[in-house]
Colleague: 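This is the structure I want to talk about, given as structure tokens.
No experiment lies behind these values; they were computed from the predicted model shown.
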Amino acid sequence: MAEPRVVVYPGSFDPLTLGHEDIARRCLRFADKLIVAVARTATQQKDRLFSVEERVAMIEECFTDEPRVEVAEFSGLLVDFCRKIGAQIVVRGLRAVSDFEYEFQMALMNRSLWPELEMVFMAPAGKYTFLSASLVREVASLGGDISRFVSPPVLRRLEERIDH
Ligand code: ADP
């Protein structure tokens, strides 16, 4: 029997949005197992809202219906994490041209670090192309309605966090 195809979807997921979820569910069309990997080491400067542990817990709650999704955290290089767990495919979402330059550089850098790794880029449903975790954090912190952009477990935690 062929080896199961393990795909890694890395990011900060602070918090998981419906855009992330859309990409993850699309991956399940070609992945036997999808590992949503929360990066402990931030690659781009971002203000943090949830701890890595909280993010992992939230993502698990959003995928209780999907046994092929696992949630993990990693620190250090993505390629080292992938090597360790035996995954050779990494998925990233592309929202707009603005994502392209950074993603393209990272893909080529990762390839030079570990040539066995393949990066796959996926487009989300059109209605999520404007969505980012940072925008969700910002709108939520200013009291805006973000219920259309995140799943109920994420919404609940955002409301708890921001009410205080
Ligand atoms: P963000 O940029 O929202 O803070 P992350 O750093 O957690 O998100 O990104 C993880 C991956 O998910 C990246 O490849 C990012 O481009 C992708 N992504 C984030 N939001 C969306 C979206 N709305 N649609 C498609 N891909 C997305």
Side-chain angles (χ1 to χ4, degrees), residues 1-125 128-137 150-151 153-154 157:
M1 228 173 60
E3 289 273 299
R5 184 178 289 155
V6 182
V7 174
V8 172
Y9 179 32
S12 40
F13 306 112
D14 188 22
L16 187 84
T17 68
L18 291 182
H20 295 131
E21 251 186 84
D22 180 76
I23 296 287
R25 292 187 193 277
R26 283 173 199 281
C27 287
L28 292 172
R29 303 185 67 190
F30 60 87
D32 296 314
K33 187 160 113 181
L34 178 69
I35 303 191
V36 182
V38 180
R40 202 170 265 287
T41 331
T43 43
Q44 289 168 307
Q45 206 50 52
K46 287 178 186 170
D47 293 331
R48 205 188 76 161
L49 181 61
F50 292 104
S51 69
V52 170
E53 289 70 22
E54 289 171 316
R55 288 179 237 165
V56 167
M58 271 188 276
I59 301 169
E60 280 169 348
E61 286 164 19
C62 293
F63 288 105
T64 44
D65 61 321
E66 194 35 87
R68 290 184 297 145
V69 174
E70 266 180 34
V71 190
E73 56 152 287
F74 72 101
S75 42
L77 285 175
L78 174 64
V79 292
D80 290 340
F81 173 72
C82 292
R83 248 201 217 110
K84 196 176 78 193
I85 63 166
Q88 296 186 328
I89 303 173
V90 165
V91 159
R92 296 283 291 173
L94 277 187
R95 283 164 288 201
V97 188
S98 51
D99 279 340
F100 178 80
E101 194 172 348
Y102 175 74
E103 294 295 337
F104 194 67
Q105 277 186 327
M106 282 295 287
L108 293 180
M109 175 55 84
N110 284 336
R111 182 178 287 161
S112 71
L113 292 170
W114 189 33
E116 302 298 303
L117 189 75
E118 228 33 90
M119 306 275 301
V120 175
F121 296 99
M122 295 187 61
Y128 300 133
T129 48
F130 66 93
L131 197 54
S132 71
S134 52
L135 206 53
V136 164
R137 290 198 300 274
V150 296
S151 276
V154 176
R157 284 181 194 246

Colleague: Say whether, by atom type as modelled, one donor and one acceptor occur between the side chain of Arg68 and the main chain of Leu34 under 3.5 angstrom.
Modeller: no
Colleague: Which distance, rounded to the nearest 0.5 Å, do you find between the OG of Ser98 and the CD of Glu103?
Modeller: 10.0 Å
Colleague: Applying side chain to side chain contact (heavy atoms under 4.5 Å, CB included) to Arg111 and Glu118, what does each step give before you reach the verdict?
Modeller: CA-CA 7 Å; Arg111 182 178 287 161; Glu118 228 33 90; 3.2 Å; yes
Colleague: Atom CD in Glu101, atom CG in Asp99: separation rounded to 0.5 Å?
Modeller: 11.5 Å
Colleague: For Pro67 and Asp65, which heavy atoms make the closest approach, and how far apart are they?
Modeller: CD-O, 3.5 Å
Colleague: Would Arg55 and Arg48 count as a side chain to side chain contact (heavy atoms under 4.5 Å, CB included) if you check the C-alpha gap in whole Å, the side-chain angles of each, and the deciding distance to 0.1 Å?
Modeller: CA-CA 11 Å; Arg55 288 179 237 165; Arg48 205 188 76 161; 3.2 Å; yes
Colleague: Tell me if a side-chain donor or acceptor on Arg5 pairs with a main-chain N or O of Gln88 at a distance below 3.5 Å.
Modeller: no
Colleague: Partners of Phe30 by ring-ring contact (aromatic ring centres under 6.0 Å, His included), sequence neighbours excluded?
Modeller: none
Colleague: Show me the side-chain donor-acceptor pairs of residues 13-24 shorter than 3.5 Å, one per line, residues at least two apart or across chains.
Modeller:
| unit_1 | atom_1 | unit_2 | atom_2 | d |
| --- | --- | --- | --- | --- |
| Asp14 | OD1 | Phe50 | N | 2.9 |
| Asp14 | OD2 | Leu49 | N | 2.7 |
| Thr17 | OG1 | Gly19 | N | 3.1 |
| Thr17 | OG1 | His20 | N | 3.3 |
| Thr17 | OG1 | His20 | ND1 | 3.4 |
| His20 | ND1 | Thr17 | N | 3.0 |
| Glu21 | OE1 | Arg25 | NH2 | 3.4 |
| Glu21 | OE1 | Ser151 | OG | 3.4 |
| Glu21 | OE2 | Ser151 | OG | 2.5 |
| Asp22 | OD1 | Arg26 | NH2 | 3.3 |
| Asp22 | OD2 | Arg26 | NE | 2.8 |
| Asp22 | OD2 | Ala125 | N | 2.9 |

Colleague: Does atom CZ (Phe104) have a neighbourhood of more than 12 heavy atoms from anything else shown, all under 6.0 Å?
Modeller: no
Colleague: Could you measure the distance from the CE atom of Met58 to the CZ atom of Arg157? Nearest 0.5 Å is fine.
Modeller: 5.5 Å
Colleague: Counting N and O atoms only, with roles assigned by atom type, does the side chain of Glu54 sit under 3.5 Å from a partner on the main chain of Ser51, one being a donor and the other an acceptor?
Modeller: yes
Colleague: Could you give me the CA-CA distance, side-chain angles and deciding distance for Val90 and Asn110, then say whether side chain to side chain contact (heavy atoms under 4.5 Å, CB included) is met?
Modeller: CA-CA 10 Å; Val90 165; Asn110 284 336; 5.9 Å; no
Colleague: Can you name the nearest heavy-atom pair linking Pro124 to Thr129, along with the distance?
Modeller: CG-CG2, 4.1 Å
Colleague: Would you give the length of the straight line joining atom CE of Met119 to atom CE of Met106, rounded to the nearest 0.5 angstrom?
Modeller: 6.5 Å
Colleague: More than 12 foreign heavy atoms under 6.0 Å from CE of Met109: is that the case here?
Modeller: no
Colleague: Let me check something: any side-chain donor-acceptor pairs from residues 72-87 under 3.5 Å, sequence neighbours excluded? List them with distances.
Modeller:
| unit_1 | atom_1 | unit_2 | atom_2 | d |
| --- | --- | --- | --- | --- |
| Glu73 | OE1 | Arg40 | NE | 2.7 |
| Glu73 | OE1 | Arg40 | NH2 | 3.2 |
| Glu73 | OE2 | Arg40 | NH2 | 2.9 |
| Asp80 | OD1 | Arg83 | NH1 | 3.2 |
| Arg83 | NH2 | Leu113 | O | 3.4 |

